[in-house]
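Step one of this worksheet: look at the structure below.
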Amino acid sequence: MRMSEEKSLNFIEEIVEQDLASGKYKNIITRFPPEPNGYLHMGHATSICLNFGLTKKYGGYTNLRFDDTNPVTEETEYVESIKEDVKWLGFEWKHELYASDYFEQLYAFAVKLIKKGLAYVDDSTSEEIAEQKGTPTQPGRRNQYAERSIDTNLELFVQMREGKYADGSKVLRAKIDMASSNMLMRDPILYRIKHAHHHRTGDNWCIYPMYDFAHGQSDSIENITHSICTLEFIPHRELYNWLIKELDIYPSHQYEFARRNLTYTVMSKRKLLQLVNEGFVDGWDDPRMPTISAMRRRGFTPASIREFCDKIGVAKRENLVDVGLLEFCVREDLNKIALRRMVVLDPLKIVITNYDKEGEVVLSENNPEDANSGSREILFGKELFIEREDFMENPPKKFFRLAPGQMVRLKSAYIIKCDEVVKDEQDNVIELKCTYIPESKSGSDTSGIHVKGTLHWVNATTAIPVQINLYDRLFTVEDVDGAEGEFKDYINKNSLQVIANAYAEPDLRNANMQDRFQFLRKGYFCLDKNSAGEKLIFNRTVTLKDTWAKANK
RNA sequence: UGGGUUAUGGUGUAACGGUAGCACUACAGAUUUUGGUUCUGUCUGUCUAGGUUCGAAUCCUAGUAACCCAACCA
């Protein structure tokens with residue numbers, strides 16, 4: 001039996017270890033290749049952790065390369081958000097690169113292919129090209145443009161670059177095999193004409209390479225050893241390798257893994273964009289979104305996301321990961337670092353009738369999991385607020401909280417007993433009259449009384465009002481993509497609950513954006529970016545595990 | 001109905017011909033001034049049918065199911 005259990009390798013790590021062991025490579029080079037046309041989400045986090053994690057573990061480095069070959073959808077705004085998100089997740093790229101940096105080189109590659117008789121300019125419309133391509137069960141057929149001479153193709157391609165032709169009037173195609181069972185090998189389009197302004201190259205170009213003629217070539221230029229992408233790119237690998245061979249460039253290798261899906265959410269850019277544009281959420285960083293920026297705003301820690309990615313692993317099979325595991329990871333991390341504070345979300349006033357002092361300071365630990373975190377002073381007093389749900393007039397059997405005649409401890413303070421329930425005309429409980437046990441003070445309890453319940457509370461005279469945002473899952477079904485009908489039919493109408501007037505202990509006035517809190521018995525929270533001055537807004541990151549609530553369902 | 005990829009508890013993932021393990025979840029108990037944390041224990045699995053072998057999740061054969069591919073997107 002080994003002392004330390006060795007963690008098993010995922011299939012990509014196995015490949016890397018073999019390559020290293022065989023001497024194929026001394027170091028490995030990977031890349032994270034986002035297209036700057038949207039915000040990064042949890043799915044990207046998996047890829048980021050994989051690519052950067054590999055070079056961290058085995059030596060080498062990872063480039064951040066923007067796959068910016070389609071000027072009409074890409075923007076600098078996205079570039080900035082992507083960089084911020086990768087950094088926040090805790091990774092450092094070696095080189096910040098852009099496929100657009102290689103446009104001149106890529107153009108030369110295309111010329112080389114034409115000269116080898118392996119590429120031609122096609123004047124067909126996109127409909128014609130699609131029609132000639134055939135179907136998976138029927139082979140495609142070549143058209144007359146495929147017969148153009150090398151010189152004609154060269155001349156035409158130069159003219160394409162010079163802007164002589166309108167968008168869509170011509171494309172450059174590789175000449176491979178119109179009968180291939182792989183649709184991507186049926187003379188794929190390499191370049192298309194787009195008279196569009198590019199976020200980096202401006203108006204220098206009016207022809208832009210397709211993904212297949214940019215991605216693999218960029219990998220080669222950067223000497224990427226392991227080019228890791230998702231499963232749907234498997235059919236592209238044949239073309240990826242064909243181009244490397246015919247261009248005779250550095251042989252990067254492509255490996256594919258299955259993208260991770262999460263329960264109760266959607267991950268496609270298209271659907272996320274719809275949620276934003278149609279107002280179902282408040283923007284890309286609305287804390288209910290699965291984007292990295294939203295999770296950051298919601299209070300997730302980079303460490304918890306990395307741990308989650310590590311736990312779910314890397315494989316090739318279809319999957320739907322329980323979001324509960326993500327929540328477990330964030331609780332695990334936050335439990336160790338979050339400052340404990342008391343906040344009452346739904347206040348019920350209590351008056352301690354036998355308490356005649358002005359008030360007194362009690363001490364409460366900042367974090368029982370961290371001996372070095374110290375404690376803070378809280379003012380105890382005659383009039384307090386407790387959580388309304390912590391009182392029941394007719395409690396069930398195992399209700400350890402307040403009820404007429406029942407005793408509970410107020411956290412870090414005294415044991416109290418409920419003597420009288422005060423109601424208004426509508427029979428609503430509006431106040432509780434209690435008595436406290438003077439000998440039961442925390443730390444010097446000589447009362448000998450043992451109570452099962454401990455409640456959080458705030459002092460009615462010193463508490464400060466705060467806003468609390470309670471988030472729940474955005475969708476009502478586990479498998480949103482697999483559910484019948486439109487994904488929007490399953491949006492959870494109650495995914496956000498705003499509590500405008502919660503009462504917080506006054507120490508929270510000093511909260512900073514980077515602070516993580518556990519509001520006792522209520523969950524983990526952090527300050528929202530919209531907090532300003534006196535107006536404090538807290539986002540609930542995740543609830544605490546609540547076996548009591550679960551038992552009562 | 002062409003090609004490709006994948007099938008292990010409720011979920012995710014190991015086992016590389018030799019005791020199906022780990023984590024989450026669920027359930028039960030102990031501890032607890034958070035019904036939190038921590039600790040202990042329990043339940044549940046190799047897609048199907050054959051075959052090879054002393055021995056099969058693993059190898060072979062035949063099925064079945066799911067996903068991907070016919071964008072001038074990536």
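Letters A, B, ... mirror the listed sequences (proteins, then strands); counts begin at 1.
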Legend entry - Residues in salt bridge (Lys or Arg N to Asp or Glu O under 4.0 Å) contact with A:Arg540, at least two apart in sequence or another chain: none
Legend entry - Gap between atoms CD and P, on A:Glu17 and B:C16 respectively (whole Å): 15 Å
Inset, instruction - Tell me, please, which residues at least two apart from A:Tyr165 pass side-chain hydrogen bond (donor to acceptor under 3.5 Å, both in side chains). - result: A:Gln159
Can you check nucleotides 18-27 of chain B for protein contacts, nitrogen or oxygen pairs under 3.5 Å, and list what you find?
residue	atom	partner	partner atom	Å
B:A26	OP1	A:Lys550	NZ	2.4

Inset, instruction - List in chain and number order the residues that pass ring-ring contact (aromatic ring centres under 6.0 Å, His included) with A:Trp242, two or more places apart in sequence or in another chain; answer none if no residue qualifies. - result: none
Inset, instruction - Under the ring-ring contact (aromatic ring centres under 6.0 Å, His included) rule, collect the residues that match up with A:Phe300, sequence neighbours excluded. - result: none
Inset, instruction - With A:Arg341 as the cation and A:Phe517 as the aromatic partner, state whether NZ or CZ is under 6.0 Å from the six-membered ring centre and within 45° of the axis. - result: no
Inset, instruction - For RNA chain B, produce a single dot-bracket line, 5' to 3'. Pairs: Watson-Crick or G-U wobble, both distances under 3.5 Å. Symbols: ( ) within strand, [ ] crossing, | other strand, . unpaired. - result: .((((((..((((....[..)))).(((((.......)))))....(((((..]....))))))))))).....
Inset, instruction - For A:Asp445, enumerate each residue passing the salt bridge (Lys or Arg N to Asp or Glu O under 4.0 Å) test, keeping only those at least two apart in sequence or located in another chain. - result: A:Arg409
Got a list of side-chain donor-acceptor pairs under 3.5 Å for residues 305-317 of chain A, not counting sequence neighbours?
residue	atom	partner	partner atom	Å
A:Arg306	NE	A:Leu89	O	2.8
A:Glu307	OE2	A:Lys311	NZ	2.7

Inset, instruction - Mind running a 4.0 Å heavy-atom check of residues 436-450 of chain A against RNA chain B and sending the residues that fall below it, in number order? - result: A:Lys441, A:Ser442, A:Gly443
Inset, instruction - Produce a footprint string for nucleotides 63-74 of chain B: one letter per nucleotide, 5' end first; B if the base is under 4.0 Å from any protein heavy atom, S if only the sugar-phosphate is, - if neither. - result: ---SSSSBSBSB
Inset, instruction - Taking salt bridge (Lys or Arg N to Asp or Glu O under 4.0 Å) as the test, write out the residues that go with A:Lys271, two or more places apart. - result: A:Asp481
Inset, instruction - Could you pull out all residues at least two apart from A:Glu232 that satisfy side-chain hydrogen bond (donor to acceptor under 3.5 Å, both in side chains)? - result: A:Thr230, A:Arg259
